[in-house]
Amino acid sequence: MGKSIFEKILMEHLVEGKPEPGEEVSIKIDQTLTQDATGTMAFLEFEAIGIPRIKTELSVSYVDHNMLQIDYLNPDDHLYLQTAAAKYGAYFSRPGNGICHQVHLERFAAPGKTLLGADSHTPTAGGVGSLAIGAGGMEIAAAMAGAPYTFKYPKLVKVELKGKLREWVSAKDIALEMLKRLTVKGGVGKAFEFVGEGIKYLSVPERATITNMMVESGATTSIFPSDDITKMWLRAQGREEQWIPILPDQDAHYDEEMEIDLGQLEPLVAMPHSPDNVKPVSEVEGLDVAQVAIGSCTNSSLRDMKLVANALKGKKISKNTSLLINPGSRQVVLNLIESGEFKYLIEAGARILENACGPCIGMGGAPPSGSFSVRTYNRNFKGRSGTEDAGVILASPETAVATAIFGRLTDPRKLGKMPEVRLPEKFIIDDSMIIPPLPPDKASEVTVRRGPNIKPLPKFDPLPKTIEGEVLIKLSDNVTTDDILPAGANVLPLRSNIEKISKFIFHRIDPAFHDRAKEKGGGIIVGGENYGQGSSREHAAIVPRYLGIRAVLAKSFARIHRSNLINFGVVPLTFKNTTDYQAIEKGDRVKIEFGTLEKEELNAIILEKGKMIPLIHDLSEREREIVLAGGLLPWIRTRFS
Ligand code: MIC
Ligand code: SF4
């Protein structure tokens, strides 16, 4: 039988396992990416593994998240990352060079390669035909040390794009349509392949918008074929020699199929506070909007910026709305300056921010209280913008620019003729902000600089045979890792210091959690469906573990967070009967006998009520070993030694 794109790349990299849905497979990782919010921990973990030199073909350390420098914390992290990259053999993309996913797409991602990134939106590179997966920092550290990456082989879903998008409807609307159909948990355990006539009208950055945002469905990854459009992109980036064709075979087998008629799509938005709360703009237009933000790794490419610049040409933004723009990269800005289009943004009244994540992760740019902010980003979780009671609406650059002009949520079709956007045949390429690794003999002379806030990872012990503790919190469905451990300007600078960042656990929903967990010496977390969706931040697992939590009971888990829990010695347990979720309450004292986790089924005994709740651990043999050892680090260390 023929093969899909996913299978073709996977089989070339398969180290171990059966490539069948639900089975565990291990693959060789060609490339890794880290960013500064997850990367400090990933490099500390790499150092703790004890391998002197990175073993992948290519590893890039980006600085794009923690850009505010109100004290020494963030700049110290940047210096640590720069010196660690030089010493251990990674490329270092300096602050100001751009957002990791955008720069990676421009300068490094290549068809047929595997990429593992310490950021959930790593599948952005699927736009150029890379098999790209997001994971926790510890997994990236292991990959940099030469270990294969192990994950559950997903169900393969073919998404047939038919026809052609109409004017003012763009790739973001395709992604929003997918989220509307799938919801934020419909992609869990699946990999999506976009094929069909419609893809030939989508440039690489537009494809990348889709693979980027598909992450919000919980998908393992998404990918486009590598075709002539991919070749054109690589040629324009001066990397044509990295092109190889990768198309699915005619008779490729897929587990599921979907179809979107692009000609039927209209401009869509995701209303507060979830990326799957999707509505046609025409249904909700007219809302007053105080802020519009255009950029982020979803929509910050030259294609998007050109569209926005030309839509603004000769116009001014509404006096009631502030327009923030965070371009994806220096390359994007240089090209806009060269073509003269940058001027249109400034003339219209846009506030140009750094080429970085910025407001997307609450690093500045918070909207006014009680207001709406229309953003071309990928996540609109409550409070993520920095303003607790603001509502973030996710939209395409087209809808965002129309909204900035009118000051109200506006269907972009009101703007008349859509400007034509043409990508240059050759982009301006200037890699001077990417520092290549030093050769091994020179690297050994580098001293890694560690500021006073950078603390090594705490030592964690193996899993006890039995735990007894209190249910410290009971949560509803779709709790995000932003809920578990918020980001934002106050918290992000503490990512390299577990003790300090631990104070912020559940800060928005239950600020007393930290003190309660400390006082009780640990306990148990109870979650609903899709617990831990969103960001890959492993701090959302390390901190509970640091506070003595060894079990999370939930109806179901999001992929990356589940692995992060295991990788730090916390057992993810699901209810055998989801109705038992009702039977357990905050404050209940619970006893769980893990033993050696040999049986898949185990029980939680609610002591005062004398009630027994059957639970399932669903761990593979490898995961069981890891969790028993106390986490991936001790497990890997014994393997390497
Ligand atoms: C995000 O978009 O939530 C982040 C910030 O990029 C995270 C990584 C992090 O928390 O550092 C992600 O997507 O994984
Ligand atoms: Fe940065 Fe936002 Fe993209 Fe995360 S989603 S990598 S914070 S731009």
Side-chain angles (χ1 to χ4, degrees), residues 17-18 20-25 150-155 185 188-189 218 220 460-479 522-533 541 544-545 548-632 635:
K18 237 208 246 155
E20 278 172 19
E23 294 289 327
E24 212 171 57
V25 284
T150 305
F151 66 111
K152 254 197 199 137
Y153 193 89
K155 283 189 181 160
K185 53 179 199 285
V188 177
T220 304
F460 294 136
D461 51 355
L463 189 74
K465 296 260 179 293
T466 307
I467 56 160
E468 196 182 307
E470 195 173 303
V471 175
L472 296 170
I473 193 167
K474 184 176 173 185
L475 300 145
S476 49
D477 293 348
N478 297 321
V479 160
I524 285 160
I525 293 173
V526 175
E529 296 280 6
N530 200 25
Y531 179 74
Q533 68 155 329
R545 169 65 198 276
I549 289 151
R550 301 305 294 254
V552 178
L553 278 50
K555 289 186 193 164
S556 66
F557 289 88
R559 178 184 65 88
I560 304 179
H561 187 61
R562 178 183 174 278
S563 298
N564 286 341
L565 288 171
I566 295 166
N567 290 341
F568 288 94
V570 183
V571 192
L573 295 160
T574 51
F575 295 100
K576 188 173 178 202
N577 314 307
T578 38
T579 47
D580 277 340
Y581 170 83
Q582 316 294 347
I584 188 162
E585 291 306 330
K586 182 175 160 190
D588 282 348
R589 251 200 110 63
V590 175
K591 185 172 170 185
I592 304 175
E593 278 193 30
F594 292 129
T596 51
L597 290 169
E598 233 132 59
K599 288 206 200 99
E600 237 197 37
E601 196 172 320
L602 59 168
N603 293 309
I605 304 165
I606 310 182
L607 293 170
E608 293 90 342
K609 299 178 187 160
K611 188 171 165 60
M612 202 133 88
I613 297 182
L615 304 168
I616 305 285
H617 75 55
D618 186 27
L619 298 167
S620 70
E621 190 45 37
R622 176 182 169 274
E623 290 172 331
R624 192 174 73 92
E625 282 178 21
I626 292 173
V627 95
L628 289 174
L632 186 55
W635 183 81

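Quick caveat: nothing in here was measured; it's all calculated off a predicted structure.
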*asked:* Using the rule given for salt bridge (charged side-chain N to carboxylate O under 4.0 Å, His left out), can you reason through Glu468 versus Arg589, listing the C-alpha separation, both sets of side-chain angles and the distance that settles it, and then say yes or no?
replied: CA-CA 7 Å; Glu468 196 182 307; Arg589 251 200 110 63; 3.4 Å; yes
*Stepwise, does the side-chain hydrogen bond (donor to acceptor under 3.5 Å, both in side chains) test hold for Glu529 with Ser556?*
CA-CA 5 Å; Glu529 296 280 6; Ser556 66; 2.8 Å; yes
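Heavy-atom minimum distance, Glu601 versus Lys576: OE1-NZ, 3.3 Å. Contact record, Gly595 with Leu628: O-CD2, 4.2 Å, taken as the closest heavy-atom pair. Shortest non-hydrogen contact noted between Leu463 and Arg550 is CA-NH2, 3.4 Å. Nearest approach of Ala551 to Leu573, heavy atoms of both residues: CB-CD1, 4.1 Å. Leu597 and Arg624 get closest at one heavy-atom pair: O-CD, 3.1 Å.
Annotation: Lys474, atom NZ; neighbour count of heavy atoms from other residues, nucleotides and ligands within 6.0 Å is above 12. Counting non-hydrogen atoms of other residues, nucleotides and ligands closer than 6.0 Å to NZ of Lys609 gives a total above 12.
Residues Ile467 and Ile524 have side chains in contact (heavy-atom distance under 4.5 Å, counting atoms from C-beta outward). Looking at Ile584 and Phe575, their side chains come closer than 4.5 Å, going by heavy atoms from C-beta outward. Looking at Arg622 and Leu632, their side chains come closer than 4.5 Å, going by heavy atoms from C-beta outward.
Formation of a donor-acceptor pair under 3.5 Å by the Gln533 side chain with backbone atoms of Asn478 is found in this model. Put simply, the side chain of Arg562 never gets that close to the backbone of Phe557: no donor and acceptor are under 3.5 Å apart. Panel note: side chain His617, backbone Lys599; a donor-acceptor pair is recorded below 3.5 Å.
Atom CE of Met612 and atom CG of Asp580 lie 11.0 Å apart (nearest 0.5 Å).
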